[in-house]
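Side chains are part of it too, since the values below use all heavy atoms of this structure and drop only hydrogens, waters and symmetry mates. Bear in mind the structure is a predicted one, so any value in this text is a computation, not a measurement. Residue indices begin at 1 and follow the sequence shown.
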Amino acid sequence: MRLSDRCFAVTGLGYLPPWTVNAGFITGDEATLVIDTGANAAAASTIHGYASVARPSNRLLVLNTERHFDHIGGNGYFRECGIDIYGHTSIQRTDDEFLAEIEEFNGEISNPARRALRESKVFYHKTRLVNPNCPISEDFRMDLGNCQIEILLTPGHTPSNISVYAPSDGVLFCGDCLVNGYLPNLDGGSAADWLIWLKSLDRIDALAPRIVVAGHGPVAKGEQVPKLIASVREVLEQAIARGQSPTANRLSE
């Protein structure tokens with residue numbers, strides 16, 4: 001999906017139903033920055049293909065918006081192509097964690113025969129864990145060639161969350177700081193984390209982007225953007241007031 005002169009979204013990449021995951025890229029005159037690599041090598045191949053064709057003469061770079069495997073699963077594909085990957089310093093996932101992710105994915109297969117056959121291995125075919133090799137610990141600007149972009153720390157969903165803003169195009173790629181149509185995933189955090197997340201939403205809101213590519217769900221444009229931010233803010237505020245995630249098990253109810 002072409003969003004502007006320089007910004008593109010790659011949406012609907014496979015993950016656990018009903019979730020799909022988004023990625024995207026920004027093309028300068030000299031370099032193209034890919035934002036997130038999908039959950040597996042197949043997604044990475046798709047993203048790489050679109051990004052390469054959009055501006056064939058450009059060198060490619062990658063940035064991970066967070067540590068969860070649905071955003072970094074395709075890193076191995078890009079590193080095998082010799083492409084540098086930027087990501088928060090806290091993204092240091094282990095092989096054991098990745099194997100646990102595959103086990104969880106297989107456990108979500110509803111049909112027992114397919115689950116016993118371990119069909120999750122098809123989803124993860126040729127996928128290997130690779131962490132970013134260019135660590136990020138603070139905000140900075142990147143010049144892609146007559147295209148300045150802003151790399152912004154927007155923690156809360158995880159401490160590793162990063163957003164990428166192209167001010168000339170008014171396009172924001174924010175990973176799971178925002179999700180569109182889904183309940184945001186609060187289960188890995190606490191009220192303290194959710195308060196940090198609210199501050200990140202304030203930061204995104206202050207940018208007043210025209211277009212937002214959330215980590216999951218449809219791209220938001222125009223009047224949809226403040227509504228999207230408000231919807232995630234409401235979920236966070238309710239979770240803080242109740243002291244639990246909206247998707248947590250409520251044994252007392």
Side-chain angles (χ1 to χ4, degrees), residues 1-3 6-16 19-27 31-52 54 60-81 83-93 98 101 105 123-124 127-136 142 144 149-166 171-180 182 184-185 200 204 209 211-220:
M1 180 190 300
R2 186 163 202 155
L3 305 174
R6 296 188 179 275
C7 297
F8 300 77
V10 184
T11 61
L13 296 165
Y15 197 51
L16 284 172
W19 289 77
T20 60
V21 64
N22 298 330
F25 54 92
I26 304 170
T27 59
T32 296
L33 179 68
V34 172
I35 298 112
D36 284 335
T37 62
N40 57 13
S45 175
T46 299
I47 300 162
H48 180 273
Y50 283 125
S52 298
L60 296 182
L61 303 168
V62 170
L63 182 141
N64 295 145
T65 62
E66 61 149 292
R67 70 190 301 273
H68 288 150
F69 287 115
D70 51 331
H71 299 268
I72 70 171
N75 281 6
Y77 181 94
F78 281 91
R79 286 298 291 141
E80 286 172 6
C81 296
I83 297 168
D84 286 330
I85 300 175
Y86 291 79
H88 195 271
T89 54
S90 66
I91 303 180
Q92 297 293 332
R93 306 308 302 266
F98 186 49
E101 171 82 358
F105 192 96
F123 184 84
Y124 287 107
T127 301
R128 65 184 184 92
L129 169 64
V130 173
N131 289 305
N133 65 308
C134 299
I136 297 171
M142 182 181 291
L144 301 178
I149 61 171
E150 299 176 9
I151 313 298
L152 307 171
L153 303 186
T154 49
H157 170 62
T158 74
S160 63
N161 274 79
I162 292 173
S163 294
V164 180
Y165 185 49
V171 178
L172 177 74
F173 298 83
C174 62
D176 286 9
C177 193
L178 292 172
V179 295
N180 195 358
Y182 299 103
N185 181 5
S200 292
I204 286 174
I211 301 172
V212 168
V213 181
H216 305 268
V219 173

Is [X] reaching over with its side chain to a backbone N or O of [Y], donor-acceptor style, under 3.5 angstrom?
| X | Y | answer |
| --- | --- | --- |
| Thr20 | Gly14 | no |
| His88 | Ser90 | yes |
| Ser200 | Pro155 | yes |
| Asn22 | Gly12 | yes |

When rounded to the nearest 0.5 angstrom, what distance separates [atom1] in [X] from [atom2] in [Y]?
| X | Y | atom1 | atom2 | result |
| --- | --- | --- | --- | --- |
| Thr154 | Tyr165 | OG1 | OH | 14.0 Å |
| Glu66 | Asp176 | CD | CG | 4.5 Å |
| Thr158 | Asn185 | OG1 | CG | 10.0 Å |
| Leu172 | Ile35 | CG | CD1 | 9.5 Å |
| Asn161 | Cys177 | CG | SG | 6.5 Å |
| Thr89 | Ile136 | OG1 | CD1 | 9.0 Å |

- Task: With sequence neighbours excluded, tell me which residues meet ring-ring contact (aromatic ring centres under 6.0 Å, His included) with Phe98.
- Result: Phe69, Tyr124
Testing the basics here: between [X] and [Y], what is the closest heavy-atom pair and its distance to 0.1 Å?
| X | Y | value |
| --- | --- | --- |
| Ala23 | Ile47 | CB-CD1, 3.6 Å |
| Arg93 | Leu129 | O-CD2, 3.5 Å |
| Val130 | Gly76 | CG2-CA, 3.5 Å |
| Gly217 | Tyr182 | N-CE1, 3.7 Å |
| Gly74 | Ala44 | O-CB, 3.4 Å |
| Ala39 | Thr127 | O-CG2, 4.2 Å |

Is there a side-chain contact between [X] and [Y], using heavy atoms and a 4.5 Å cut-off?
| X | Y | result |
| --- | --- | --- |
| Leu63 | Phe173 | no |
| Glu80 | Arg128 | yes |
| Met1 | Phe8 | no |

- Item | Audit row: Phe105, Phe123, side-chain contact (heavy atoms from CB on, under 4.5 Å) steps and yes/no | CA-CA 9 Å; Phe105 192 96; Phe123 184 84; 3.7 Å; yes
- Query: Does any pair with a residue in residues 150-160 pass salt bridge (charged side-chain N to carboxylate O under 4.0 Å, His left out), and if so which ones, sequence neighbours excluded?
  - Reply: Arg141-Glu150
Which residues share a side-chain contact (heavy atoms from CB on, under 4.5 Å) with [X], sequence neighbours left out:
| X | answer |
| --- | --- |
| Ala42 | Asn40 |
| Ala51 | Phe25, Thr32, Val34, Leu60 |
| Asn64 | Asp36, Thr37, Val62, Ile72, Asn75, Ile85, Ile91, Pro132 |
| Ser45 | Tyr77 |

- Message: Using side-chain contact (heavy atoms from CB on, under 4.5 Å), reason through Ile211 and Cys7 one step at a time and then give a plain yes or no.
- Response: CA-CA 10 Å; Ile211 301 172; Cys7 297; over 6 Å; no
- Message: Parallel, tilted or perpendicular: which one describes the rings of His216 and Trp19, with boundaries at 30° and 60°?
- Response: perpendicular
- Residue pair Cys174, Val212: steps toward the side-chain contact (heavy atoms from CB on, under 4.5 Å) verdict: CA-CA 7 Å; Cys174 62; Val212 168; 3.8 Å; yes
- Message: Run the side-chain contact (heavy atoms from CB on, under 4.5 Å) test on Leu152 and Ile162 for me, step by step, so that the C-alpha distance in whole Å, both residues' side-chain angles and the decisive distance to 0.1 Å come before the verdict.
- Response: CA-CA 6 Å; Leu152 307 171; Ile162 292 173; 6.0 Å; no
